[in-house]
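Working notes, beginning with the structure itself.
The figures that follow rest on heavy atoms only: side chains count, while hydrogens, waters and symmetry mates do not. Order of the sequence lines sets the chain letters (A, B, ...), proteins ahead of strands, with each chain counted from 1.
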Amino acid sequence: MPKKDEMNFFEQVFEVVKLIPPGKVTSYGAIAKYLGMAKSSRMVGWAMNQSHFLKDKIPAHRVVNRNGMLTGKAHFENHEQMKFLLEKEGLLIKNDTIMNFEKHFWNPADELKL
DNA sequence: GTCATGACAAAGA
DNA sequence: TTCTTTGCCATGA
C-alpha cells in the first residue's frame, strides 16, 4: 500500500482508468464523480496528461469528454493513435467522435459500485 | 501568497 | 441548436 501522501488524486484517477475494460470508454466527469470530485473534472484531464510520464500503461484513449469526442488526441504521440486504438477495440470513430458513445460508455460508479 | 492554465461540464444567450 | 461564459480545483511560476 502506497503512503497516504503518494495516493494523490492522480493515482486514483489512474486506478480507475486502468480498470476500464477494452472496447469501453468513459468520460472525465464520470471518473471525477466516482472519485468524489465531480466538480473537478478538469483535474482528471490533468491527470491524463501526467499519465504519459508514468511507466504504467494508462489507456487514456478510453477517456473522452462527455460528448464522446477525442479531445485528448493531441496529447498522444500520434493523433491517429487514439482513434486507432479505439477502433481496434471495436469502437467506431467518426470525425474524432465516438459513435454510439452511450452504448460503449463505461460508468465506474456503476461497474465498481463504490 | 497571488495569478494563470488545463485532455471538462453545465448553464445562459 | 451552436457559441460563449462561468465554475471548478489542483499545479506551477
State, yes or no, whether a side-chain contact exists between [X] and [Y] at a heavy-atom distance under 4.5 Å.
{"X": "A/Ser51", "Y": "A/Val17", "value": "no"}
{"X": "A/Tyr34", "Y": "A/Val16", "value": "yes"}
{"X": "A/His104", "Y": "A/Leu92", "value": "no"}
{"X": "A/Ile20", "Y": "A/Val63", "value": "yes"}
{"X": "A/Trp106", "Y": "A/Arg62", "value": "no"}
{"X": "A/Asn78", "Y": "A/Phe84", "value": "no"}

Notebook entry, point to check: Which pair of heavy atoms, one from A/Leu91 and one from A/Lys24, lies closest together, and at what distance?
Noted result: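 Taking A/Leu91 first and A/Lys24 second, the nearest heavy atoms are CD1-N, 4.4 Å.
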
Notebook entry, point to check: Which atom pair, heavy atoms only, marks the closest approach of A/Gly29 to A/Ser41?
Noted result: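 Looking at all heavy atoms of both residues, the shortest contact is CA-CB, 4.0 Å.
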
Could you check how far [atom1] of [X] sits from [atom2] of [N], rounded to whole Å?
{"X": "A/Gln12", "N": "C/dA10", "atom1": "CD", "atom2": "C1'", "answer": "13 Å"}
{"X": "A/Leu35", "N": "C/dA10", "atom1": "CG", "atom2": "P", "answer": "13 Å"}
{"X": "A/Trp46", "N": "C/dG12", "atom1": "CH2", "atom2": "C1'", "answer": "8 Å"}

Item checked: Residues in contact with DNA chain B, drawn from residues 79-105 of chain A - heavy-atom cutoff 4.0 Å ->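 Correct list: empty, so none.
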
Item checked: Nucleic acid contacts of residues 60-76 of chain A, taken as heavy-atom distances under 4.0 Å to DNA chain B ->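 Contacts with DNA chain B under 4.0 Å: A/Ala60, A/Asn65, A/Arg66, A/Thr71, A/Gly72, A/His75, A/Phe76.
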
Next item on the list: Give a yes or no on whether the backbone of A/Ala109 and the side-chain of A/Asn107 come within a donor-acceptor separation of less than 3.5 Å.
Entry: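 Pair found, side chain donor or acceptor close to backbone of A/Ala109.
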
Checklist line | First encountered from the 5' end of DNA chain C, between A/Ser40 and A/Gln50 | finding: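 Its nearest nucleotide lies further toward 5', so the answer is A/Ser40.
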
Check: With the sugar-phosphate defined as primed atoms, P, OP1 and OP2, and the base as all remaining atoms, what B/S/- string results for nucleotides 2-7 of chain C, 5' to 3', for protein heavy atoms under 4.0 Å?
Finding: -----B

Notebook entry, point to check: Who does B/dT2 pair with, Watson-Crick or G-U, both distances under 3.5 Å?
Noted result: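 Pairing partner: C/dA13.
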
Check: Are A/Glu89 and A/His61 close enough that a side-chain donor and a side-chain acceptor fall under 3.5 Å?
Finding: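 Yes, because at least one side-chain N or O of A/Glu89 sits under 3.5 Å from a partner of the opposite role on A/His61.
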
Note to self: What's the separation between atom CZ in A/Phe76 and atom CE in A/Met48, rounded to the nearest 0.5 Å?
What the structure shows: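 A/Phe76 atom CZ to A/Met48 atom CE measures 9.0 Å (nearest 0.5 Å).
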
Check: Which nucleotide sits closest to the side chain of A/Asn49: B/dA7, B/dT5, C/dC9?
Finding: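 That would be B/dA7.
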
